[in-house]
2 protein chains.
Amino acid sequence: MVGKRLAGRRQGVTLSEVARRAAVSEITVSRILRNTGPIAEATRLRVLQAVRETGYVPNRLAGGLASSGSKLVGVIVPSLTNIVFPEVLGGIRAALVGTGFQAVIGVSDYDLAIEEELIASLLAWRPEAMVLAGFEHTPAARAMLDNSAVRVAELMDIDSAPIDLAVGHSHWQAGHDSGRYLVGRGYRRFGYVGHDWMADRRAKLRHDGLVAALAEASLALVESVRNVGPSSTQAGRDALAALLARGSTPDVVVFSNDDMALGGVFHCLGAGIRPKDDLALFGFNGLDIGQALPMPLSTMRSNRFLTGKTAIDRVLAQRERPGKTEIIDTGYQILPGATA
Amino acid sequence: MVGKRLAGRRQGVTLSEVARRAAVSEITVSRILRNTGPIAEATRLRVLQAVRETGYVPNRLAGGLASSGSKLVGVIVPSLTNIVFPEVLGGIRAALVGTGFQAVIGVSDYDLAIEEELIASLLAWRPEAMVLAGFEHTPAARAMLDNSAVRVAELMDIDSAPIDLAVGHSHWQAGHDSGRYLVGRGYRRFGYVGHDWMADRRAKLRHDGLVAALAEASLALVESVRNVGPSSTQAGRDALAALLARGSTPDVVVFSNDDMALGGVFHCLGAGIRPKDDLALFGFNGLDIGQALPMPLSTMRSNRFLTGKTAIDRVLAQRERPGKTEIIDTGYQILPGATA
DNA sequence: GTCTATAATGACAGCGCTACCATAGCCCCT
DNA sequence: AGGGGCTATGGTAGCGCTGTCATTATAGAC
């Protein structure tokens, strides 16, 4: 008696039904649908017709189990509301198109414990690769990744030693280059407006690089405000107002990112402060919206799309985890803009 | 001879290895990990210890196949760079937390053919439910959804008949209400700035509602510019400049959404046009960034988070597709702002 | 002390595919 | 005639779990 567990269960069309209808064996249908092995054209057409007639939808759970390979790539990003991560995902998608692979996306909310859960849960789908943001993971997460032997790409950051592959750019260096650039343009009294460093370690790295560059020019931040909580335009606006209320008179304020800097521009526009003429403003990321401002934001563009795409390209090109780690720098460029 | 297919294949820890180590049967381990059935506390601890020691990660492909249920929810959004969709995903995640379900996200790029592919590909994972944006699908996509018998939630829009469940608000009505509101505030010469309607049918519905409201007040658009391509701040900025260059003198411009309206505000700020005093601007969506402007954007807030959350809550509350369709209105609110 | 409920565990047969090997027919060499 | 190398197809045994039935201990009822 076949199918005793079918009772009462919604049951779809299976391979064997298609095979029966096309008068071939299951394996032949399977081969046709996966484009493997030699198949007579007449058979192919007959089977595809049967597939159409039955509305057959392959069961990837079964397929993945049988072939021990899910054709899945697990991706964990800290946030989707920070536009840089959707842009990374765009690069990932671009690299995945036509490969038969599919991304499964998790969002950690900048919380390592959630990231750990997501890693466990995504590994349960036996992905071919895992893509994470940054180098910080819980020890348990780290252990799972090591155990799994899947390829692991850590994105955005290249300032630490990766598990397997890192793709991104140096945030410390970017902060440092910002500082040198602005010092070179004649600014001397630096203010800093940032957001929560606990969650966003890369923002802190940029800050540290900036401070180091200032020190090399015998300068230091004259004022610094850090907002608790994530970056946002409103937070940047409030924080700049708070910084200026303290009475010191910076000639330039560096923001932890463009979202914050945008808020800074808005504060200036609302308070009658002329960006650059009265107070220079500098961001990080090079978001499109910053370049659409009446005065384009002076900032640094990071290559998010390229980062995502490069990571997937590399990982798919070499499926087994190689013996040694690799670091790929996708760089950044200064956007001069009109606010600094 | 067991495991003849193991040769050369990366092989993880399986249930049976954990079972052997804890000296129980596989099914007992399975029960413990799924919290079902009566289990002695001592056994549970022993098994969990064995799980920890081996670094066992369950294989969901096998689990899903055996239980014909993947604990997956397929989600297809048109875009991730338009911030409203990440916000919907936020609501979906919030509703999924603690349920054991996981979302698999696909991005269609506003392309129905891509949506169709994604539907096929997500259905292959035997999800418990599918969440889509809007009512427009290819006939083949529609057929697959009908065949699959999974629950289908169509989000954002409630202006058509759903397959199963629709959650969102009426875009026509929102456009209509915008028009009535602005007429009520004394505006008479309406301009419209929009983006591509082919891809974004909801934008067209809002436009049509607006035009209908104007007609009821014996008014009509005095000028209208539609950008080809997706909405963006830069597009809004360019389109408003183009509209004003045509020489007509609107007293208010309604934008297809906040991204476009933001560009409009930027154009005004750059061109010395005072928002509201010289030209009123009205958006749609109620994005945070619009409210952080020097003059908060006058707009309409749609409840994206609530939309995502409500859809999942409903779908999980009733797993079988019910006989009749349901429509849930998550509404919208006018944000008076300072630009109209 | 027997009988029935309940708690705790296990045996076994699939879930729907695909890897692996085998087979059959055919053509071309030597 | 025999052999080697194709092309096209099929049989079979899993992949690693879980649903469905047992089965055995243990407690409580009378």
Side-chain angles (χ1 to χ4, degrees), chain A residues 1-20 22-47 51 54 56-71 100 123-126 148, chain B residues 1-20 22-47 51 54 56-71 100 123-126 148:
Chain A
M1 172 184 173
V2 174
K4 76 170 176 181
R5 283 162 84 175
L6 267 62
R9 191 180 302 280
R10 166 195 353 125
Q11 195 56 36
V13 181
T14 66
L15 251 200
S16 74
E17 186 167 332
V18 175
R20 209 178 315 124
V24 293
S25 68
E26 299 184 19
I27 188 68
T28 299
V29 178
S30 173
R31 286 194 185 111
I32 288 169
L33 292 175
R34 286 177 301 137
N35 289 310
T36 65
I39 295 288
E41 190 55 24
T43 312
R44 153 174 282 115
L45 294 176
R46 190 152 36 88
V47 166
V51 166
T54 53
Y56 171 68
V57 176
N59 185 331
R60 289 246 236 163
L61 300 170
L65 180 60
S67 63
S68 14
S70 65
K71 289 280 199 173
L123 283 177
W125 293 105
R126 297 295 185 266
S148 73
Chain B
M1 174 182 168
V2 174
K4 76 171 173 178
R5 283 163 83 176
L6 266 63
R9 193 178 301 282
R10 165 193 356 125
Q11 196 55 36
V13 182
T14 67
L15 249 201
S16 74
E17 185 167 333
V18 176
R20 209 178 315 125
V24 294
S25 67
E26 300 183 19
I27 187 69
T28 299
V29 179
S30 173
R31 285 192 185 113
I32 288 168
L33 292 175
R34 287 176 301 137
N35 289 311
T36 64
I39 296 289
E41 190 55 23
T43 312
R44 152 175 281 117
L45 294 176
R46 190 152 36 88
V47 167
V51 166
T54 53
Y56 171 69
V57 176
N59 185 330
R60 288 247 236 163
L61 299 170
L65 179 59
S67 63
S68 17
S70 65
K71 288 279 199 172
L123 283 177
W125 293 104
R126 297 296 185 264
S148 73

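First the proteins, then the strands, lettered A, B, ... as listed; each starts at 1.
- Taking atom CG of residue Leu15(A) and atom P of nucleotide dG14(C), one finds them 19 Å apart after rounding to whole Å.
- Shown here for Leu61(B) and Leu65(A), the closest heavy-atom pair between the two residues is CD1-N, 4.1 Å.
- With Ser70(B) contributing its side chain and Trp125(B) its backbone, the two residues share a donor-acceptor pair below 3.5 Å.
- Between Thr54(A) and Val51(A), the shortest heavy-atom contact is OG1-O, 3.1 Å.
- A heavy atom closer than 4.0 Å to some atom of DNA chain D occurs in Ser30(B), Arg31(B), Arg34(B), these being the qualifying members of residues 28-39 of chain B.
- The listed nucleotides are dA11(C), dT18(D), dC17(C); the one nearest the side chain of Ala62(A) is dC17(C).
- In this view, Arg20(B) satisfies the side chain to side chain donor-acceptor pair (under 3.5 Å) rule with no residue, not counting sequence neighbours.
- Contact annotation: Ser67(A) side-chain N/O to dT18(C) OP1/OP2 distance is not under 4.0 Å.
- For Leu65(A), taking side-chain heavy atoms from C-beta onward, the closest of the listed nucleotides dC15(D), dC20(C), dC17(D) is dC15(D).
- For the pair Ile27(A) CD1 and dA13(D) P, the computed distance is 15 Å after rounding to whole Å.
- dT18(D) atom C1' lies 14 Å from atom CG of Leu61(B), rounded to whole Å.
- We find that CZ of Arg126(A) is positioned 11 Å from C1' of dC17(D), with the value rounded to whole Å.
- Nucleic acid contact class of Ser16(A) (heavy atoms, under 4.0 Å, all strands): none.
- What you find for Thr36(A) and Ile39(A) is that their closest heavy atoms are O-CG1, 4.3 Å.
- Put simply, the side chain of Arg31(A) never gets that close to the backbone of Gly37(A): no donor and acceptor are under 3.5 Å apart.
- Contact record, Val18(A) with Val47(A): CG1-O, 4.2 Å, taken as the closest heavy-atom pair.
- Of all the heavy atoms in Ile32(B) and Arg44(B), the pair that sits closest is CD1-CA, 3.7 Å.
- Taking only side-chain nitrogens and oxygens, Thr43(B) comes nearer than 4.0 Å to OP1 or OP2 of dT9(C).
- Separating the CH2 atom of Trp125(B) from the C1' atom of dC15(C) is a distance of 15 Å, rounded to the nearest angstrom.
- Going from atom CD of Glu26(B) over to atom P of dG19(D) covers 14 Å, rounded to whole Å.
- The minimum heavy-atom distance linking Val29(B) with Val24(B) is given by the pair CG2-CG2, 3.7 Å.
- For Ala66(A), taking side-chain heavy atoms from C-beta onward, the closest of the listed nucleotides dG10(D), dG10(C), dT18(C) is dT18(C).
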For nucleotides 24-29 of chain D, list the nitrogen or oxygen atoms of the protein found under 3.5 Å from its nitrogen or oxygen atoms, one pair per line.
none

